[in-house]
**Student:** 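Handing you a structure now.
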Amino acid sequence: MKTTTLDLTARDPVICRDGRPFGAGQGNRMRSVDWPLPSVIAGSLRTALGKTAGKDFSQETALQLQQISVSGVFPVRNEQLYLPAPQDCVVHPIRGPLPAIPMETQGGGCDLPHPKLRPVMFDQQPNEDDFKPKAPPAWWPFADYVKWLTSSSVQLSKDFLLAPEQDDRTHVKMDTDAGIGADGELFTTTGLPLDYLEQNLGPSSNETKERSFADRYKEIKLATRVEAEGWCADRVRDLDGHFPTGGERRLIHWKANPDVKIWKSPDRIRFALQETNQVRMVLATPTIFRDGWKPGWLNDELIGSPPGCGVQLKLVGATIQRWRAISGWSLARINDQGQLDHSNGHAGPKPIRRMVPAGGVYFFEVVSGNSENLADCWLRSVCDEEQDQRDGFGLATWGIW
């Protein structure tokens with residue numbers, strides 16, 4: 001496999017619909033997810049490669065394209081990746097970001113889905129009043145993200161970025177015979193402007209809103225890692241042009257970049273993992289597990305090894321958001337479970353599945369093996385199914401707690 005970084009520059013706000021119905025009799029608003037799903041980027045890239053190669057998108061071509069591994073997409077600024085906020089970060093209104101960790105209950109109980117799990121809680125100071133946590137910025141610069149994974153300490157500066165503001169546009173269906181808008185046929189699309197993201201400037205206020213565009217927003221590029229072979233690798237290497245990405249044929253410029261150092265695990269992570277038997281896995285992209293919230297590589301005792309890591313871990317706690325739904329359309333033949341089946345499957349809509357949102361944190365204790373090896377699995381997929389791994393779901397980072 002040849003590894004390449006693709007630099008993406010958004011020309012238009014990208015349309016990335018969520019799973020709610022849209023169309024005649026189903027609602028006139030096309031709602032959006034907060035960030036493009038990995039499958040959106042993977043599907044758009046594979047389509048672009050097939051078109052530039054003059055392929056006919058037969059089942060053979062579809063199978064070849066699905067062997068490409070696509071990871072991302074992530075914001076990039078000042079030559080460093082930005083990664084989504086981890087869910088174990090509790091932002092105190094005065095003390096700032098504080099870590100939540102698995103803790104033993106003090107005489108109480110909870111309804112966690114497994115009896116061996118501990119609740120993940122914030123260690124509140126004695127006599128401290130209750131407070132309402134603030135939401136952390138959506139995107140963390142790589143250096144601060146690594147610092148959080150190794151020391152659970154960070155300051156929320158202007159380097160942190162917020163989620164893109166959604167761009168709503170109202171359209172009208174045209175009456176082609178009369179050359180005018182059809183009566184009452186209005187609909188709304190929501191796009192994600194990915195070329196500029198707002199800085200973390202603290203609480204929203206009139207003063208903040210009145211600042212200049214240059215003060216509030218930073219120009220952002222995007223990066224995706226691609227691993228391919230054969231004619232697919234050749235096409236990725238020569239890629240340089242605008243291609244439709246997501247819905248409504250919105251355009252993004254894709255350009256190959258042989259530099260892949262931004263994807264590598266930093267030495268600070270490796271050194272930290274050497275000194276502990278308590279590790280945490282943070283999901284950098286939405287993740288699809290066979291057992292819903294729980295990785296399929298864990299047994300009934302919550303013990304198992306992540307794909308390709310060779311380290312046996314025991315899950316002791318997790319903090320994740322509510323599940324999100326995902327579906328889609330497949331040109332390749334799939335079965336009712338959404339897996340490739342070129343003999344008995346069929347092309348068409350994919351079944352709805354549940355994802356663990358990006359930022360979810362899983363806390364482990366090392367049972368056997370060298371925890372340093374987890375650094376080699378940095379930004380590698382922990383999904384159970386190989387096709388989900390190739391589609392970019394479940395990219396994980398590793399740290400200590």
**Student:** For Asp300, is there any backbone N or O sitting under 3.5 Å from a side-chain donor or acceptor partner on His114?
**Tutor:**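 Pair found, side chain donor or acceptor close to backbone of Asp300.
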**Student:** Treating Arg250 as the side-chain partner and Pro13 as the backbone partner, does any N or O pair qualify as donor plus acceptor under 3.5 Å?
**Tutor:**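 Here the side-chain-to-backbone pair exists.
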**Student:** Has the side chain of Gln199 got a donor or acceptor atom that lies under 3.5 Å from a matching backbone atom of Asp215?
**Tutor:**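 Here the side-chain-to-backbone pair exists.
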**Student:** Would you call the rings of Trp378 and Tyr145 parallel, tilted or perpendicular, where under 30° means parallel and over 60° means perpendicular?
**Tutor:**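 Ring orientation, 0 to 90° scale: perpendicular.
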**Student:** Using only atom types and a distance under 3.5 Å, with no angle test, would you say the side chain of Trp401 pairs donor to acceptor with the backbone of Val279?
**Tutor:**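 Yes, because the side chain of Trp401 sits within donor-acceptor range (under 3.5 Å) of the backbone of Val279.
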**Student:** Salt-bridged, Asp168 to Arg29, with N to O below 4.0 Å?
**Tutor:**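 Salt bridge flag = yes for Arg29 with Asp168.
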**Student:** Assess whether salt bridge (charged side-chain N to carboxylate O under 4.0 Å, His left out) is satisfied between Arg270 and Asp376, documenting all intermediate values.
**Tutor:** CA-CA 9 Å; Arg270 185 176 297 276; Asp376 298 327; 2.7 Å; yes
**Student:** In a check of ring-ring contact (aromatic ring centres under 6.0 Å, His included) between Phe160 and each of Phe142, Trp140, Trp148, Trp139, which one passes?
**Tutor:**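 Only one option passes, and that is Trp140.
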**Student:** Can you tell me if Thr224 uses its side chain to pair, donor with acceptor, with the backbone of Gly72 under 3.5 Å?
**Tutor:**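 Answer holds: no.
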**Student:** What distance separates Phe122 CZ from Ile101 CD1, expressed to the nearest 0.5 Å?
**Tutor:**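 Separation between the atoms: 10.5 Å.
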**Student:** Please check if atom CD in Gln321 has more than 12 non-hydrogen atoms from other residues, nucleotides or ligands closer than 6.0 Å.
**Tutor:**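 Counting neighbours around CD of Gln321, more than 12 heavy atoms of other residues, nucleotides or ligands fall under 6.0 Å, so yes.
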**Student:** I'd like to know if Arg353 pairs up with Asp388 as an ion pair, taking the criterion as any Lys NZ or Arg NE/NH1/NH2 lying under 4.0 Å from an Asp or Glu carboxylate oxygen.
**Tutor:**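 Looking at Asp388 together with Arg353, the answer is yes, because their closest N to O distance falls below 4.0 Å.
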**Student:** Can you name the closest pair of heavy atoms from Cys89 and Pro136 and give their distance?
**Tutor:**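 Between these two residues, the closest heavy atoms are SG-CB, 4.4 Å.
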**Student:** Given 3.5 Å as the limit, does a donor-acceptor pair link the side chain of Asp88 with the main chain of Pro99, or not?
**Tutor:**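 Absent.
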**Student:** Side chains of Thr5 and Trp263: any donor to acceptor distance under 3.5 Å?
**Tutor:**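 Yes, Thr5 and Trp263 have a side-chain donor paired with an acceptor closer than 3.5 Å.
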**Student:** Under 4.0 Å between a side-chain nitrogen and a carboxylate oxygen: does that hold for Arg324 and Asp18?
**Tutor:**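 Looking at Asp18 together with Arg324, the answer is no, because their closest N to O distance does not fall below 4.0 Å.
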**Student:** Do NZ/NE/NH1/NH2 and the carboxylate oxygens of Arg46 and Asp391 come within less than 4.0 Å?
**Tutor:**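 So Arg46 pairs with Asp391 through a salt bridge.
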**Student:** Could you tell me if the side chain of Ile262 sits less than 4.5 Å from the side chain of Gln80, heavy atoms only?
**Tutor:**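 The answer is no; the side chains never approach within 4.5 Å.
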**Student:** For Trp231, does the six-membered ring have the charged nitrogen or CZ of Lys55 within the cation-pi criterion, i.e. under 6.0 angstrom from the centroid and within 45° of the normal?
**Tutor:**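 Output yes; distance and angle both within limits.
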**Student:** I need the single residue from Glu365, Glu104, Glu301 that forms a salt bridge (charged side-chain N to carboxylate O under 4.0 Å, His left out) with Lys116. Which is it?
**Tutor:**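 Only one option passes, and that is Glu301.
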**Student:** Okay, side chain of Asp175, backbone of Asp177: is any donor-acceptor separation there less than 3.5 Å?
**Tutor:**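 Yes, the answer is positive, given that a donor and an acceptor are paired below the 3.5 Å cut-off.
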**Student:** Is any NZ, NE, NH1 or NH2 atom of the basic residue among Glu219 and Lys221 found under 4.0 Å from an Asp or Glu carboxylate oxygen of the other?
**Tutor:**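 Answer for the salt bridge query: yes.
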**Student:** Ignoring hydrogens, what is the shortest heavy-atom contact between Ala10 and Leu194? Give both atom names and the distance.
**Tutor:**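 The answer is CB-CB, 4.0 Å.
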**Student:** Going by heavy atoms in the side chains, are Ile288 and Ile326 under 4.5 Å from each other?
**Tutor:**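 Yes, side chains in contact.
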**Student:** In terms of side-chain geometry, is the basic nitrogen of Asp240 or Lys255 positioned less than 4.0 Å from the acidic oxygen of its partner?
**Tutor:**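 Salt bridge: yes.
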**Student:** Mind listing the closest non-hydrogen atom pair of Leu156 and Pro97 along with its distance?
**Tutor:**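 For Leu156 versus Pro97, the nearest heavy atoms are CG-CG, 3.6 Å.
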**Student:** Do you know which two heavy atoms are closest between Val311 and Asn373, and how far apart they sit?
**Tutor:**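 Closest approach of Val311 to Asn373: CG2-CB, 3.9 Å.
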**Student:** Closest approach of Val382 and Trp297, non-hydrogen atoms and distance?
**Tutor:**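 Scanning both residues completely, I find the closest heavy atoms to be O-NE1, 2.9 Å.
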**Student:** With under 30° as parallel and over 60° as perpendicular, where do the rings of His92 and Phe131 fit, or are they tilted in between?
**Tutor:**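 Ring orientation, 0 to 90° scale: tilted.
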**Student:** Test side-chain hydrogen bond (donor to acceptor under 3.5 Å, both in side chains) on Arg280 and Ser152 and set out the steps.
**Tutor:** CA-CA 11 Å; Arg280 52 179 158 160; Ser152 295; 3.0 Å; yes
**Student:** Is the shortest distance from a Lys or Arg side-chain nitrogen in Lys2 or Glu229 to a carboxylate oxygen in the other one below 4.0 Å?
**Tutor:**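 Salt bridge between Lys2 and Glu229, a charged N being under 4.0 Å from a carboxylate O: no.
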**Student:** What pair of heavy atoms forms the shortest contact from Val366 to Ser371, and how long is it?
**Tutor:**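 So the minimum-distance heavy-atom pair works out to CG2-CB, 3.9 Å.
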**Student:** Looking at Leu63, is its backbone amide N or carbonyl O close enough to the side chain of Gln67 to form a donor-acceptor pair, meaning the two atoms are under 3.5 Å apart?
**Tutor:**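 At least one qualifying donor-acceptor pair exists.
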**Student:** Short question: side chain of Thr4, backbone of Arg237 - any donor-acceptor pair under 3.5 Å?
**Tutor:**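 Checking the backbone N and O of Arg237 against the side chain of Thr4, no donor-acceptor pair under 3.5 Å is found.
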**Student:** Check whether any side-chain N or O of Gln389 sits under 3.5 Å from a backbone N or O of Cys383 as a donor-acceptor pair, and report yes or no.
**Tutor:**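 Checking the backbone N and O of Cys383 against the side chain of Gln389, a donor-acceptor pair under 3.5 Å is found.
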